[in-house]
A.B. asks: 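The structure's right below; bear with me while I get my questions together.
FYI, side chains are in, hydrogens and waters are out, and symmetry mates aren't considered; it's all heavy atoms of this structure. Whatever order the structure lists them in is the order used to number ligands and atoms, beginning at 1.
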Amino acid sequence: MATTKTTKKTDTAKSTVKKTAAKKETQAVSLEKKKILFVASEATPFIATGGLAEVIGSLSKALAATGKFDVRVVIPLFSDIKKEYRDQFTYLGNLYVHLAWRNQYCGIFSYVKDGVTFYFIDNEFYFKRPGCYGYYDDGERFAFFSRSVLEIMPFLNFYPDVMHCHDWQAALAAIYLKTNYCFREEYQYIRALFTIHNIEYQGQYSLDLLGDLFDIYGSYQYLVEYNNSINLMKGAIECCERFSTVSPRYAEEIKDAYYAHGLDPIIRKNEFKLTGILNGIDDISYNCALDSHLFANFTPEDFSNKAVCKKELQKMLNLPQKANTPIISMVSRLVSHKGLDLVTAVIEDLLQDDVQIVILGTGDSHFEGFFKDLAYRYPDKLSANIVFNGDLSRKIYSGSDIFLMPSKSEPCGLSQMIACRYGTVPIVRETGGLYDSIKPLVNGYTFSNYNAHDMLYVIREAVANYKNKKEWAKLMYRAATTDFSWSHSAKDYEALYLDMLK
Ligand code: GLC
């Protein structure tokens, strides 16, 4: 008996040792995880005005899924954040954040989703307003946000290895890190990566605001000063260890004045630290077999229900239910750089052909009015939906045949990838991420010059090919099965982070 007892005891002791070892191992593994903090102004599923939010939501998830990173994201607590999520946030506490002579309340909320911890910066004065941007004090709002990102680190006891800042709204986080905070030891190991999603929006302000609003010391003025103004994107590019943009082609393009909105000399000067990584999309969310927004589900192997999606879409939009008339769609912000100058120049020619055209989006009132007028004049051929509607967008992606995206410039573009996932063949201009993701006759159609008649020629070519059902089905299959998941690009970010941490 005694022997048995001893054995049991020894066994228990052994298993305790084992358990402790296992625990230590898990701790060691999690300690080894590199800590990444995304700083951005929006993220799906909480709040989205465009592609940036989708990338923040889906890339953070993909990186966390590798098991190699402790990924956290921080965004402002805008009042438009969906209530269904907001009600589930945990209040962690609050602190006061200094910004020049200001001393502002900063509440911190958190929520864990798909292995990613999201933090929300609460300040009702700055963020309890409809929408995300477009206020007279946006500079101050995002300066407060960026400053808060650095201030909550000691509170959370979380100092990332890489602070990954996205677009101008988060540029100041990288700038403060390397200026005002550079003598504080705990911040000295943080590397900054700055990603440009769109170089058009740079955060430009009068130099008078340097100290009083942005709280940047005069000795650092040279970092943010550009063309006699403060330029926050320029400042982040100068301050960060590395910067990136959302496609390899766009990384090349922004060295050129045609694409850079004035920043090309800065891009060229810092070229040695620039990388272009193509965005992916969330291939679970955009899955024609599972998407509950569709009128009917289908697969790349069996597109027969896509005809149901088309018929129901035509019915919903009051278009004649013609199965063999191709629907050409555009889901886009209605702004000039999306190629709308080309579209407005030749759309009436195109409307003479046997086609139907569906437009979804909001933007410049000039374009909104233009499409409304066309819909009035061609009620059987064109449907203009001047709204931002996620549900309708998926019904359009799945129910149309051809997707038009003739952008003048396009850092990456996600819509062409989403269209492909639903077997809708894209026609794109060869620029930025459109060039990197769509290959002529492999998974779509392309044209290279920003020219309306070049575009019209390719649209007519696609419409003619559409009549050849057998070949068209093969093209749809290739489009729908192109791999646009994060699997490749998440690896590229992983390599970039590790390279930065060498
Ligand atoms: C911006 C760009 C778009 C890109 C998106 C996500 O919205 O205009 O091309 O896909 O950011 O990176």
Side-chain angles (χ1 to χ4, degrees), residues 38-45 47-63 73 75 131-134 164-171 193-203 233 236 243-254 259-261 263 274-283 285-286 330-340 361-364 388 390 393 397 403-421 426 428-438 450 484-486 488-490 492-493 496:
F38 277 25
V39 185
S41 52
E42 42 181 284
T44 56
I47 185 150
T49 68
L52 168 69
E54 297 222 11
V55 171
I56 301 303
S58 58
L59 172 60
S60 59
K61 179 171 149 187
L63 286 168
V73 178
I75 66 170
C132 299
Y133 322 109
H164 187 167
C165 303
H166 299 262
D167 272 352
W168 79 264
Q169 295 88 347
L193 169 63
F194 180 67
T195 294
I196 300 173
H197 292 261
N198 195 337
I199 205 165
E200 193 174 343
Y201 309 105
Q202 300 171 1
M233 185 172 270
F243 74 115
S244 73
T245 186
V246 287
S247 68
R249 179 73 165 210
Y250 195 61
E252 285 305 312
E253 288 174 345
I254 55 175
Y259 290 100
H261 293 269
L263 273 188
L274 170 64
T275 329
I277 302 178
L278 188 70
N279 285 333
I281 53 172
D282 184 338
D283 56 349
S285 166
Y286 297 113
M330 287 188 82
V331 175
S332 174
R333 269 184 307 128
L334 302 180
V335 292
S336 161
H337 83 259
K338 291 288 179 186
L340 292 179
T362 57
D364 288 352
F388 183 79
S393 78
Y397 282 124
F403 187 80
L404 182 61
M405 200 161 171
S407 307
K408 187 169 189 183
S409 71
E410 194 60 70
C412 177
L414 305 176
S415 311
Q416 80 280 14
M417 303 185 193
I418 300 170
C420 280
R421 295 280 296 157
V428 305
R429 189 175 94 81
E430 293 167 13
T431 181
L434 297 176
Y435 172 84
D436 289 321
S437 58
I438 304 302
Y450 191 66
F484 289 125
S485 72
W486 275 105
H488 302 291
S489 302
D492 292 342
Y493 276 107
L496 176 57

A.B. asks: Parallel, tilted or perpendicular: which fits the ring planes of H166 and F38, with parallel below 30° and perpendicular above 60°?
C.D. replies: tilted
A.B. asks: Below 4.0 angstrom from a heavy atom of V55, which ligand 1 atoms are there? Numbered from 1 as shown, please.
C.D. replies: 6 (C), 12 (O)
A.B. asks: Show me which atoms of ligand 1 lie under 4.0 Å from any heavy atom of N198.
C.D. replies: 8 (O)
A.B. asks: Checking the N or O distance criterion of under 3.5 Å, is ligand 1 in contact with E410?
C.D. replies: yes
A.B. asks: Starting from atom 4 (C) of ligand 1, what is the nearest protein heavy atom, named by residue and atom, and what distance separates them?
C.D. replies: G413 N, 3.6 Å
A.B. asks: Which ligand 1 atoms, with their elements, are less than 4.0 angstrom from a heavy-atom of N279?
C.D. replies: 6 (C), 10 (O), 12 (O)
A.B. asks: Return the option from E54, H197, E200 holding the heavy atom at the smallest distance from atom 12 (O) of ligand 1.
C.D. replies: H197
A.B. asks: Enumerate the atoms of ligand 1 whose separation from the nearest heavy atom of V246 is less than 4.0 angstrom.
C.D. replies: 12 (O)
A.B. asks: Does any donor atom in the side chain of Y286 or E54 lie under 3.5 Å from an acceptor atom in the other side chain?
C.D. replies: yes
A.B. asks: Does one side chain, of T431 or Y450, offer a donor that lies under 3.5 Å from an acceptor on the other?
C.D. replies: no
A.B. asks: Does S485 offer a backbone N or O that forms a donor-acceptor pair with the side chain of D283 under 3.5 Å?
C.D. replies: no
A.B. asks: At what distance is the nearest protein heavy atom to atom 7 (O) of ligand 1, and which residue and atom is it?
C.D. replies: G51 N, 4.1 Å
A.B. asks: Classify the side-chain pair Q202/H261 by whether it contains a donor and acceptor separated by less than 3.5 Å.
C.D. replies: no
A.B. asks: Not counting sequence neighbours, which residues clear side-chain contact (heavy atoms from CB on, under 4.5 Å) with S247? List them please.
C.D. replies: R249, Y250, L278, D436
